[in-house]
There are 2 protein chains.
Amino acid sequence: MTDNEQSRPVKTAATSLGILERLKTGGPLGPTALASDLGLAKSTVHRHLKTLEREGFVVLDDDGYRVGLRLLDFGIHARNQHQLYEVAKPKLEELAEQTGEKVWCVTEEQGRGFHLYGAAGKHSVRTPAREGTRSYLHQLAAGKAILSAFPDERVHEIIDQHGLPAKTPHTITDPDELFEELATIRERGFAVNREEIVPKLHAVGVVVTDQTGYPVGAISISGPSNRLKGDRLTDDLADLLLGAANEVEINLNFS
Amino acid sequence: MTDNEQSRPVKTAATSLGILERLKTGGPLGPTALASDLGLAKSTVHRHLKTLEREGFVVLDDDGYRVGLRLLDFGIHARNQHQLYEVAKPKLEELAEQTGEKVWCVTEEQGRGFHLYGAAGKHSVRTPAREGTRSYLHQLAAGKAILSAFPDERVHEIIDQHGLPAKTPHTITDPDELFEELATIRERGFAVNREEIVPKLHAVGVVVTDQTGYPVGAISISGPSNRLKGDRLTDDLADLLLGAANEVEINLNFS
DNA sequence: AAATTTTGTTCGAAATGCTCGAACGTCAAT
DNA sequence: ATTGACGTTCGAGCATTTCGAACAAAATTT
């Protein structure tokens, strides 16, 4: 499963997806700008755009082409496939209300973490994470909680596939260190993140498993480091999360 | 702008998108099932799937290929491009709380209506609409409200492009009837939907325009026909919506 | 307002790279 | 152990994509 080298990819399809990707991050663009960015001929990009437009994946307005809401339809569908979303959602809102912080629900796909849903408490701070955001598991409290529930073998696969890229000086970049951390997490039941992805941002995360012990995702609470520290972080909030995760796990068995 | 006949579409890209579409509606599937559904060779579908998988647009699990959460990333991004979403959201939650019904925010793209966000009140009923759902504008209260703010010329374009397909016996299928309805909506300021998309479901909708009068979307309240009728529908709820839409319009000018 | 530059769009021709079918490997079921 | 169904790989023909150049349309400048 470590093999991600594809024998013969469909280059034409990859080109279309590359255009979508570029439009997502690069705002509205025209054929000329896209062509030079992607190293393609104007006419080629134009043809792709018109095809994508026909299907609603991109739309044309005054400023150029943008990603279309057709993708929201697909995205919401992708999210609804995860039972965790619907079950965890009300619990997350409750936690956000109680703690005043930002509460997330994260799941794993292809060795990466995806933010399924976030509930904002009264005092929650703005972070780079949005719904749909894809992150490296080892950079997230929720992600490390998920990793702690995988067999070592699977964690090795993930490291092989994605590495352990750093986001801040505190990010865990050494496999051995990560495995030690995962042992600690398994022991005490929750994961802690101290400025490992965003400076001055801390978080706690707890895994949510199904009946077989497989991690279907994790929930986390994040906030400013000076508010999420000491006992509040490792006792109060961790306990709150452990209870919530436990409830979610039970509800998952009956849906 | 009525020309949607594309000179030379990129067939290969369209094939990939067709696979995505089929996976969205048809649940997890394997290469063989997809190939026979789409009239393609197994090996062709396989190659497309591997390409899509590499980009995270589909994922493979025990039951077959599914649409991947990478699409949620794109979809959320598409939604965030519409300022209306963020501005209307808190107001929708407020309305849902007040009325107990389901409240939606809809916007237009390519002559179709897209459900940006829905807030559920205590007594809200389950309908086919989800976030991201694409509908015909003439079948929605919010959609008709949007149409009422377009110039007739644009409405004609939309009718030419998409027709006026029926969902129930009450759906408006005649252009003249639609234009009469739009005149009424412009006059009184709100649109009403009586079982035009779902039997026994009624709704009220009010357009939200920008400074130039262009409809950036609409908000609506929907619920069972026996609860949303008479004065409650055309007075109480309509007034509530008109006030909310007005507030949203003002807030849109400062964001 | 004319001219010029930039951008969007169309089209032909060459060759890339996609599609198909057949064969192989793999797994589950009988 | 054997059969069948499914996923995967690979070669070869040719359908399709890609590029570049030319044209049309805007936008920007003089």
Side-chain angles (χ1 to χ4, degrees), chain A residues 1-23 26-68 109-110 157 161 212, chain B residues 1-23 26-68 110 157 161:
Chain A
M1 255 265 174
T2 316
D3 58 294
N4 216 3
E5 331 99 32
Q6 191 174 354
S7 40
R8 294 192 297 176
V10 184
K11 283 195 181 181
T12 306
T15 299
S16 267
L17 301 182
I19 290 173
L20 281 178
E21 177 71 46
R22 187 75 192 78
L23 284 180
L29 289 171
T32 307
L34 279 167
S36 78
D37 282 3
L38 302 170
L40 298 165
K42 267 198 308 187
S43 55
T44 303
V45 173
H46 180 254
R47 230 151 72 77
H48 279 267
L49 285 170
K50 284 303 174 192
T51 304
L52 289 166
E53 187 186 22
R54 238 167 59 91
E55 308 289 338
F57 285 74
V58 308
V59 290
L60 176 61
D61 67 15
D62 306 318
D63 303 321
Y65 290 90
R66 299 181 294 104
V67 296
E109 248 184 38
Q110 300 182 325
E157 278 178 9
Q161 200 174 357
T212 73
Chain B
M1 258 265 177
T2 316
D3 59 295
N4 217 4
E5 331 99 33
Q6 191 175 355
S7 39
R8 293 193 299 177
V10 183
K11 284 195 181 182
T12 306
T15 300
S16 267
L17 301 182
I19 290 173
L20 280 178
E21 178 69 47
R22 186 76 192 79
L23 283 179
L29 289 171
T32 309
L34 278 167
S36 76
D37 282 4
L38 301 171
L40 298 165
K42 265 200 307 189
S43 54
T44 303
V45 173
H46 180 254
R47 230 150 72 81
H48 278 268
L49 285 170
K50 285 303 172 193
T51 304
L52 289 166
E53 187 186 20
R54 238 167 59 91
E55 307 289 339
F57 284 75
V58 307
V59 289
L60 176 61
D61 66 16
D62 306 318
D63 303 321
Y65 291 90
R66 300 181 296 102
V67 296
Q110 299 183 326
E157 278 178 9
Q161 199 173 358

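This is a predicted model, so every value here is computed, not measured. Residue numbers start from 1 in every chain, and the chains themselves are labelled A, B, ... in the order their sequence lines are given, proteins ahead of strands.
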Next on the checklist: Applying side-chain contact (heavy atoms from CB on, under 4.5 Å) to A/Lys50 and A/Leu60, what does each step give before you reach the verdict?
Outcome noted: CA-CA 9 Å; A/Lys50 284 303 174 192; A/Leu60 176 61; 4.3 Å; yes
Next on the checklist: Can you measure B/Asp62 atom CG to C/dA28 atom P for me and round it to whole angstrom units?
Outcome noted: 11 Å
Checklist entry - Which distance, rounded to the nearest 0.5 Å, do you find between the OG of B/Ser16 and the CD of B/Glu21? => result 13.0 Å
Checklist entry - Rounded to the nearest Å, what distance is computed from the CD atom of residue B/Glu53 to the C1' atom of nucleotide D/dT8? => result 13 Å
Checklist entry - Should A/Leu17 and B/Leu52 count as side-chain neighbours, where that means a heavy-atom distance under 4.5 Å? => result yes
Next on the checklist: Using whole Å, what does the distance between atom P of nucleotide C/dG8 and atom CD1 of A/Ile19 come to?
Outcome noted: 13 Å
Checklist entry - Under the 3.5 angstrom rule, does the side chain of B/Thr12 hit a backbone N or O of A/Thr12 as a donor-acceptor pair? => result no
Checklist entry - Has the side chain of A/Gln110 got a donor or acceptor atom that lies under 3.5 Å from a matching backbone atom of B/Glu53? => result yes
Checklist outcome for this item: B/Leu38 atom CG is separated from C/dC20 atom C1', nearest whole Å, by 15 Å
Checklist entry - For the pair made of CG in B/Leu49 and P in C/dT19, what is the distance, rounded to whole Å? => result 12 Å
Checklist entry - For nucleotides 11-25 of chain D, read 5' to 3', which letter fits each nucleotide if B means a protein heavy atom sits under 4.0 Å from the base, S means only the sugar-phosphate is that close, and - means neither? => result BB---SBBBB-----
Checklist entry - How about B/Leu34 and B/Leu23: do any of their side-chain heavy atoms sit closer than 4.5 Å? => result yes
Checklist entry - Is the shortest side-chain N/O distance from A/His46 to OP1 or OP2 of C/dT9 below 4.0 Å? => result yes
Next on the checklist: Can you measure B/Leu34 atom CG to D/dT8 atom C1' for me and round it to whole angstrom units?
Outcome noted: 15 Å
Next on the checklist: Can you measure A/Leu60 atom CG to C/dG8 atom P for me and round it to whole angstrom units?
Outcome noted: 9 Å
